[in-house]
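Quick notes on the structure that follows.
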There are 2 protein chains.
Amino acid sequence: MDIILDRMVKYITFDPSNVKTSLTVAGRPKEFDEVDALSRAQELFWRQGYGATSTEDLLAAMGLRKGSLYHTFGSKRGVFVQATKQFGHEFLRALRQALQQGSDPLEVLCQTFRALADPSHAAAVAAKGCYFGNTLVEMATLDPEMQHLAAQGLMAVEQVFYEALSQAQQAGQLSQSADPRALARYLINLWNGLNISRRMYTPQDLIPIIETGLQVLV
Amino acid sequence: MDIILDRMVKYITFDPSNVKTSLTVAGRPKEFDEVDALSRAQELFWRQGYGATSTEDLLAAMGLRKGSLYHTFGSKRGVFVQATKQFGHEFLRALRQALQQGSDPLEVLCQTFRALADPSHAAAVAAKGCYFGNTLVEMATLDPEMQHLAAQGLMAVEQVFYEALSQAQQAGQLSQSADPRALARYLINLWNGLNISRRMYTPQDLIPIIETGLQVLV
DNA sequence: CCAATAATTGACCAATTGTTTTAGAATAGA
DNA sequence: TCTATTCTAAAACAATTGGTCAATTATTGG
């Protein structure tokens, strides 16, 4: 992958004499799909965290042998870094699509929070919670770089919230005196709180918490 | 300890013929203070979590040899359980004292949250965060019993919040239509959120989040 | 002093950890 | 076909993991 990317860069940037360079490269081709393998890793890290996931766990889930994993990703941590980055891209793309497409972004925003108290959603995702939040808590005292990566993810979510709130304000759904940046951060904190509270309250009990939390928007 | 407790129970409940039973018992006495040792363990679990703390880490911090640790606590998990219980008792005692003693419990409650954005507090505790919240996140998918223990701790905090809010309501500081139970849970969620948000924002940036979060109380 | 009990010590343990190595297999380009 | 390159497979690795054990030491009560 890196090799091909490297070639792509050269392909585009080099002078015309090199245009004929192939995008592929000599050598045995990969027998697995990197994106797919990272998705499996993602799932494990999401459910169990980094420390509680062993390399053997990863190998089994990704369908790889040690050689392939270490050749491609360098280390267990390397898998974690790439899986986390991939999750970030996927999650943010989906979130942006949900919040930017509807005609009423404020309503979609509220529904996004309310969905966290939906029992069906609860069964599927609540056990895992927020990938960023989990990683941030686990890595905070162990790996500053990973902590930063997780924090970056959440700040990107903040940005999406901010854009939705700005849009709502321009549409007159939000008081002109409201501060969309401050509200976005407040909502991130509500989000983060629910990542923990979900594990101690029933979906039923989460509803009033969410409604009280969203009160500041109306 | 268990032995002495057992003797204490017998001492109190048995018929007078057994009153002479000593509270101590034959055998070599413990050379370390259990409460103190658990405090050291607590500190480690708090900072690094359970998985990232090895038995060797524990032995070094607690000043014990393997034999003593396993004789007294049974397992690494046993240390975790007891350290967590001890933390719960200590933390809740301190919190109750802070909230129940002042003449203005609502004000103390707000100050408790504002303290989370105090840089000096940040340096000391923010890196570790909330023991209950951290444990809840880590144990949620690994150890249901420990998850329950951590959740219990947070629900006890909820109860302390509830009592402060009820008191404030009776004193007329809170609208009669307010629901102290719902507000207490909302505040627990604010608390839980800050346990994660603290790791991505500066203390400066936490302030408006906290103030917005406390807005529902006025 | 003796028997019973309990705590400490240090050696020992099997299993698992993340990682490396070495040999071979599969491809592209010359 | 030869060479360079990349990927895979399997074995081997040292280190660390959480935990056990037998022998010894310290205490209480009779």
Side-chain angles (χ1 to χ4, degrees), chain A residues 1-7 10-11 18-34 36-37 41 44-45 48-81 83 142-143 146, chain B residues 1-8 10-11 17-34 36-37 41 44-45 48-81 83 142-143 146:
Chain A
M1 189 60 155
D2 287 344
I3 296 155
I4 295 175
L5 259 176
D6 201 51
R7 288 286 173 114
K10 287 181 184 165
Y11 193 83
N18 279 342
V19 161
K20 282 182 294 182
T21 306
S22 167
L23 280 181
T24 59
V25 76
R28 184 172 175 175
K30 270 206 171 60
E31 293 180 5
F32 65 96
D33 182 60
E34 246 179 82
D36 199 67
L44 273 190
F45 289 135
Q48 328 181 21
Y50 176 72
T53 301
S54 69
T55 48
E56 297 292 341
D57 288 342
L58 287 171
L59 294 169
M62 300 168 85
L64 301 181
R65 311 288 186 143
K66 298 200 162 182
S68 298
L69 188 144
Y70 279 91
H71 178 75
T72 305
F73 304 106
S75 64
K76 178 191 169 189
R77 187 179 178 279
V79 179
F80 192 39
V81 170
L142 301 176
D143 188 330
M146 280 304 307
Chain B
M1 188 60 154
D2 286 344
I3 296 153
I4 295 174
L5 260 175
D6 201 52
R7 288 287 174 112
M8 285 175 76
K10 287 183 182 163
Y11 192 85
S17 67
N18 280 342
V19 161
K20 281 181 296 180
T21 305
S22 169
L23 281 180
T24 59
V25 76
R28 184 172 175 173
K30 270 206 171 58
E31 293 181 4
F32 66 95
D33 183 62
E34 244 179 84
D36 199 67
L44 274 190
F45 289 135
Q48 329 181 20
Y50 177 71
T53 301
S54 69
T55 47
E56 297 292 342
D57 287 343
L58 287 172
L59 294 171
M62 301 168 84
L64 301 181
R65 312 289 187 142
K66 293 202 160 178
S68 297
L69 188 144
Y70 279 90
H71 179 75
T72 305
F73 303 106
S75 66
K76 179 191 168 190
R77 187 179 178 279
V79 179
F80 192 38
V81 170
L142 301 176
D143 188 330
M146 279 304 307

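Chain letters run A, B, ... following the sequence lines, proteins first, then strands; residues in each count from 1.
In this entry the distance linking CG of D33(A) with P of dT8(D) reads 12 Å, nearest Å. Here dT16(D) presents its P atom at 11 Å from CG of D57(B), a figure rounded to the nearest Å. Regarding K30(B), its NZ atom lies at a distance of 16 Å from the C1' atom of dT28(D), rounded to whole Å. One interatomic measurement links the two molecules: CD of E34(B) to P of dA6(C), which rounds to 14 Å at whole-angstrom precision. Rounded to an integer number of Å, the gap from CD of E56(A) to P of dA11(D) is 13 Å. The distance from atom CZ of F32(A) to atom C1' of dA9(D) is 13 Å, rounded to the nearest whole Å. Whole-Å rounding puts the L59(A) CG to dT16(C) P distance at 15 Å.
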Which is it for T72(A) and F32(A) under the side chain to side chain contact (heavy atoms under 4.5 Å, CB included) test, yes or no, and what are the steps along the way? CA-CA 11 Å; T72(A) 305; F32(A) 65 96; 3.6 Å; yes

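In this structure, E56(A) does not pair ionically with K76(A), as no charged nitrogen and carboxylate oxygen lie closer than 4.0 Å.
Between S68(A) atom OG and E34(A) atom CD the span is 11.0 Å, to the nearest 0.5 Å. The distance from atom CZ of R65(A) to atom CD of E31(A), rounded to the nearest 0.5 Å, is 10.5 Å.
The side chain of S75(B) sits closest to dG19(D) out of dG19(D), dT8(C), dG18(C).
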N/O-N/O pairs, protein side and nucleotides 23-26 of chain C side, under 3.5 Å:
from    : atom 1 : to     : atom 2 : distance (Å)
dA26(C) : N3     : R28(A) : N      : 3.2

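Listed here is the closest heavy atom pair of D57(A) and A52(A): OD2-O, 3.8 Å. Taking each heavy atom of S75(B) and Y70(B) in turn, the nearest pair found is CA-CE2, 3.7 Å. For L58(A) against L69(A), the heavy-atom pair with the smallest separation is CB-CD1, 4.3 Å. When every heavy atom of M146(A) is checked against every heavy atom of F80(A), the shortest pair comes out as CE-CE2, 3.4 Å.
Across residues 61-72 of chain B, R65(B), G67(B), S68(B), H71(B) each have a non-hydrogen atom less than 4.0 Å from an atom of DNA chain C (numbered order).
Residue-level contact check: F73(A) touches neither bases nor backbone, having no heavy atom under 4.0 Å from any strand. Residue S54(A) is in sugar-phosphate contact alone, with no base atom involved, counting any heavy-atom pair closer than 4.0 Å across all strands shown.
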